[in-house]
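I am attaching a structure below and will ask some questions about it afterwards.
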Amino acid sequence: MTLTTAQAIIRWLANQYIEIDGEEMRLCGGGFGIFGHGNVTCLGEALYNVREELPLYRGQNEQSMGFAAAGYAKQWLRQRFMFCTASAGPGTSNLLTSAALAHANRLPMLLLCGDTFVTRLPDPVLQQMENFYDPTLGVNDAFRPVVRYWDRITHPAQIVQSLPNAIATMLDPADCGPAFLGLPQDVQGWTYDYPAVFFERKVHRIRRQSPDDLEIANALAALSKAQRPMIIAGGGVQYSRAVDELTAFAETHRIPVVETIAGRANMLATHPLNIGPVGVTGSNSANAIAEKADVILAVGTRLQDFTTGSWTAFAKEAQIVSINAARHDAGKHRSLPVVGDAKLSLEKLGEALDYRAPDDWVSFAQDERKTWDAYVADNVSHDGNRPNSYAQAIGVVNDLCDSRDRIVAAAGGLPAEVTANWRTLSTGTVDVEFGFSCMGYEISGAWGARIAQAEREPERDTIVFIGDGSYMMLNSDIYSSVLSRKKLIVLVLDNGGFAVINKLQNNTGNESFNNLLEHCPTIPEPFAVDFEAHATSQGAIAETVSNPAELGEAFERAQQSDRTHVIVMKVDPYEGWTTEGHAWWEVGTPHITESESVRKAHLETEANRSKQRRGV
């Protein structure tokens, strides 16, 4: 079959399928694209011919396209992906941040990006970054550290090898992440006689790696002797579709479960063995058992510092047993590794384990959870005359939303507040992007999530919690959501700047500086953005409310709305933060300073370092 390189790439993609719950569907759900001279003439021509099979969503910003693709992949639990295409030069380089987000969160995303001419005959071309000592080096090489697979297609035949390798990487449970293909503008249009068999329909299945018997035996030996066992449930539990197996394992062996940020919504809030979120943005209950646990079964987590309290949340002598598809994650801090699929590993471990945790340990954990639940109930309450807070807004939505609605947050103070205060109504319904904690993901990631949600649960809502700082950084996919008729409910909680970093600044003894608008010396007269008018100008329905009661009324109107609905409420930048549930977090503080308050804060910070596990 004589095709251009671009035509062959798109035809091949359109013929890749995956089996999910017994149903075959296209592996690629479509793409997000902004055309420029580097991709419109050849790749654009190829995409036009499959516009029904692979719908192309027009982006407003390349970075936000990548965020949307990440949100889509999360909603589909990494079983399906979207591609992003951008023009050569700044269009492509704008995707760097979203590639890094996908890499950090282990999310599949295919990047089809324009590149300079292989022949070099017209060099230097528009938007080319010339490298004086290596003419093969360009902007696209900057993606090498932030993707799991990278290739530059310099001959049409190369895609016969490169495309299957890219897909294999994106679907691999251990190596999952973004794949990048640099497409030189001339090569995109070159033809090649491809074998017809290359384009035959192929159905993919995601590999489930069985654990090693010896590693299972080591895990059994550790768990069998535990007096105070605990399970840390990470995001990998959901990606393995092992939520039921996790719950069954915990119930059979009566082991308390705590959740990471990525693992929120592995268990319902009401489950008697769910002891709460753990770590820096966790709960008093989870952190109380974490510091006492003698054996910790970590399932599907990379043990990020917000989970481990910078490795102070656990007793130094605690033995970690880590179930993970990725060898890199399974062996951290002298863990006993079980390298394998979470579902298969939990089943195999559970069948062989003849053990139940001591009753007094389970009772202790459950009593701690009851105390934490009482704190959260008061924290999210909107009764009384209190300053508006994130927690109150979270409580309002939690009370009114459907159990299958999806919650999206990403940066600033809201990830901590959502993690601590959200009461899970249904498994797999929370997306707090804290692998890269990228400002601007909220609306764009939610747009991608809503595209995926609409494919299976069109009657449900995707709900965004976003601060004014993140909103100002990236908001144009409000317009995208209206254009594509993918409704979002967006809560803009305005605290006048970057309030959570101002809080960190103050907590480390520093004076407020350059975070809240009122503390910026270069701003003579601060003023607030009219977020309602701005969202309305993008085609959304928008309204401003004064308090949580009005927020609840507006949210009910948003639920009935047929298009994106933005609700704006001011929250206090100083009062109303969730003050409980925090573990120690290592941040760099000045070892010498002229400020007495900074010096004192530094000493207080360092005093907690004695709890830190030093790599073991």
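Counting from 1, the numbers follow the sequence of the chain as shown. For clarity, every value in this text was computed on a predicted model and none was experimentally measured.
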Just by distance, do the side chain of S381 and the backbone of D378 share a donor-acceptor pair under 3.5 Å?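 Answer holds: no.
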
Can you tell me how far apart OG (S481) and CD (Q538) are? Round to the nearest 0.5 Å.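 It comes to 8.5 Å.
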
Review point. Can you tell if the side chain of W76 reaches within under 4.5 Å of the side chain of M82, non-hydrogen atoms only?
Key: no

**Item:** Heavy-atom check, side chain of V490 versus side chain of V492, under 4.5 Å
**Value:** yes

- Taking the six-membered ring where the residue is Trp, are the ring centres of H534 and Y471 under 6.0 Å apart? yes

Next on the checklist: Please identify which of these residues, H271, E259, Q238, meets the side-chain hydrogen bond (donor to acceptor under 3.5 Å, both in side chains) condition with N266.
Outcome noted: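 Of H271, E259, Q238, side-chain hydrogen bond (donor to acceptor under 3.5 Å, both in side chains) with N266 is met by Q238 alone.
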
(message) Taking the basic N atoms (NZ, or NE/NH1/NH2) and the acidic carboxylate oxygens, is any pair closer than 4.0 Å for R557 and E543?
(response) yes

* Check against salt bridge (charged side-chain N to carboxylate O under 4.0 Å, His left out), R302 and D329 -> CA-CA 5 Å; R302 60 195 184 103; D329 293 318; over 6 Å; no

Are T307 and I232 close enough that some pair of their side-chain heavy atoms sits under 4.5 Å apart? yes

- Could you give the distance from CD1 (I541) to OG1 (T536), rounded to the nearest 0.5 Å?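 OG1 of T536 is found 9.0 Å from CD1 of I541.
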
Open item on the list: What I want to check is whether the side chains of N421 and N379 have a donor and an acceptor closer together than 3.5 Å.
Closed with: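 Looking only at side-chain atoms, N379 and N421 do form a donor-acceptor pair, the distance falling under 3.5 Å.
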
- Using only heavy-atom distances, determine whether the side chains of Y441 and D431 contain a donor-acceptor pair under 3.5 Å.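 There is such a pair between these side chains.
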
Closest heavy-atom pair, M230 versus A290, reported as atoms and distance to 0.1 Å, is SD-CA, 3.7 Å

CD1 of I463 to CD1 of I489, rounded to nearest 0.5 Å, is 5.0 Å

Exercise for the section: State whether the side chain of D468 and the backbone N or O of G497 hold a donor-acceptor pair below 3.5 Å, judged by distance alone. Expected result: yes

task = Would you mind reporting whether M569 and V571 have side-chain heavy atoms less than 4.5 Å apart?
result = yes

message: Using side chain to side chain donor-acceptor pair (under 3.5 Å), reason through Q366 and R369 one step at a time and then give a plain yes or no.
response: CA-CA 5 Å; Q366 291 175 334; R369 177 62 196 247; over 6 Å; no

* Asked: Under 3.5 Å, side chain of D405 to main-chain N/O of D461, donor-acceptor pair present?
  -> yes

Is there a salt bridge (charged side-chain N to carboxylate O under 4.0 Å, His left out) between K74 and E433 once you walk through the steps? CA-CA 10 Å; K74 271 194 180 185; E433 192 289 291; 5.3 Å; no

ask   = Taking NZ, NE, NH1 and NH2 as the nitrogens, is one of them in R423 or D399 under 4.0 Å from a carboxylate oxygen of the other?
value =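 Answer for the salt bridge query: yes.
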
* Kindly state whether the ring of W577 and the ring of Y390 have centres lying under 6.0 angstrom apart. => yes

Got a donor-acceptor contact below 3.5 angstrom from the R450 side chain to the P458 backbone? yes

Check your understanding: Between the side chains of R406 and Q75, is a donor N or O closer than 3.5 angstrom to an acceptor N or O?
Key -> yes

State, with a plain yes or no, whether a side-chain heavy atom of T508 is found less than 4.5 Å away from one of N506.
-> no

When every non-hydrogen atom of A583 is compared with those of N287, the smallest separation belongs to N-ND2, 3.8 Å

*Hey, is the main chain of L95 close enough, under 3.5 Å, to the side chain of S98 for a donor-acceptor pair?*
yes

>> Would you say OH of Y574 has more than 12 non-hydrogen atoms from neighbouring residues, nucleotides or ligands within 6.0 angstrom?
In response: yes

Passes side chain to side chain contact (heavy atoms under 4.5 Å, CB included), N398 versus L425? Steps please.
CA-CA 8 Å; N398 219 164; L425 305 173; 3.7 Å; yes

Take atom CE of M25 as the centre, draw a 6.0 Å sphere, and report whether it contains more than 12 heavy atoms from other residues, nucleotides or ligands.
-> yes

- Query: S283 and S285: side-chain donor and acceptor closer than 3.5 Å?
  - Reply: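 Short answer, yes.
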
task: Count the heavy atoms belonging to other residues, nucleotides or ligands that lie under 6.0 Å from CZ of R456, then report whether that count exceeds 12.
output: yes

CD of E245 to CG of L346, rounded to nearest 0.5 Å, is 7.5 Å

Rounded to the nearest 0.5 Å, the CG atom of L27 sits from the OH atom of Y17 at a distance of 11.0 Å

Pair H519-E511, side-chain donor/acceptor within less than 3.5 Å
no

Exercise for the section: Compare every heavy atom of V500 with every heavy atom of G412, then report the nearest pair and how far apart it is. Expected result: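 Closest pair (atom of G412, atom of V500, distance): C-CG1, 3.4 Å.
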
Taking the six-membered ring where the residue is Trp, are the ring centres of F306 and F434 under 6.0 Å apart? yes

>> Quick check against the 3.5 Å criterion: does R80 have a side-chain atom that pairs as donor or acceptor with the backbone of R26?
In response: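 Such a contact is found between R80 side chain and R26 backbone.
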
Apply the side-chain contact (heavy atoms from CB on, under 4.5 Å) test between Q63 and each candidate in L96, L101, L474; give the one that qualifies.
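The single option meeting the side-chain contact (heavy atoms from CB on, under 4.5 Å) with Q63 is L474.
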
Do other residues, nucleotides or ligands put more than 12 heavy atoms under 6.0 Å from the CD atom of E459?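 Yes, CD of E459 has more than 12 neighbouring heavy atoms, counting only those of other groups under 6.0 Å.
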
Between T544 and V568 (side chain of the first, backbone of the second, donor and acceptor by atom type, cut-off under 3.5 Å), is there such a pair?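 Checking the backbone N and O of V568 against the side chain of T544, no donor-acceptor pair under 3.5 Å is found.
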
Note to self: As a test of understanding, state which of Y479, Y57, W447 forms a side-chain hydrogen bond (donor to acceptor under 3.5 Å, both in side chains) with S484.
What the structure shows: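 Filter result, single survivor: W447.
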
So CG of L400 and CD of E553: to nearest 0.5 Å the spacing works out to 10.0 Å

Do R404 and S426 meet the criterion of a side-chain donor-acceptor pair at a distance under 3.5 Å? yes

(request) Look at the side chain of N105 and the backbone N and O of L107, then say whether any donor-acceptor pair between them is shorter than 3.5 Å. (result)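 Looks like no, no N/O pair under 3.5 Å.
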
task = Compute whether any side-chain donor of one residue and acceptor of the other, for E455 and Y72, lie under 3.5 angstrom apart.
result =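 On atom types as modelled, these side chains qualify, holding a pair under 3.5 Å.
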
Note to self: Side chains of F32 and I451, heavy atoms from C-beta outward: is any pair under 4.5 Å?
What the structure shows: yes

Distance-minimising heavy-atom pair for R563 and S561: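 Closest approach of R563 to S561, heavy atoms only: O-OG, 2.9 Å.
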
| Worked verdict on V408 versus T462 for side chain to side chain contact (heavy atoms under 4.5 Å, CB included) | CA-CA 7 Å; V408 180; T462 297; 4.0 Å; yes

With heavy-atom distances below 4.5 Å as the criterion, would you say the side chains of T419 and R264 are in contact?
yes

Less than 4.0 Å between a side-chain N and a carboxylate O, is that true for D562 and K487? no

(Q) Applying side chain to side chain donor-acceptor pair (under 3.5 Å) to S444 and D477, what does each step give before you reach the verdict? (A) CA-CA 6 Å; S444 301; D477 283 329; 2.7 Å; yes

| said: If you define the side chain from C-beta out and look only at heavy atoms, does anything of L491 sit under 4.5 Å from L551? | reply: yes

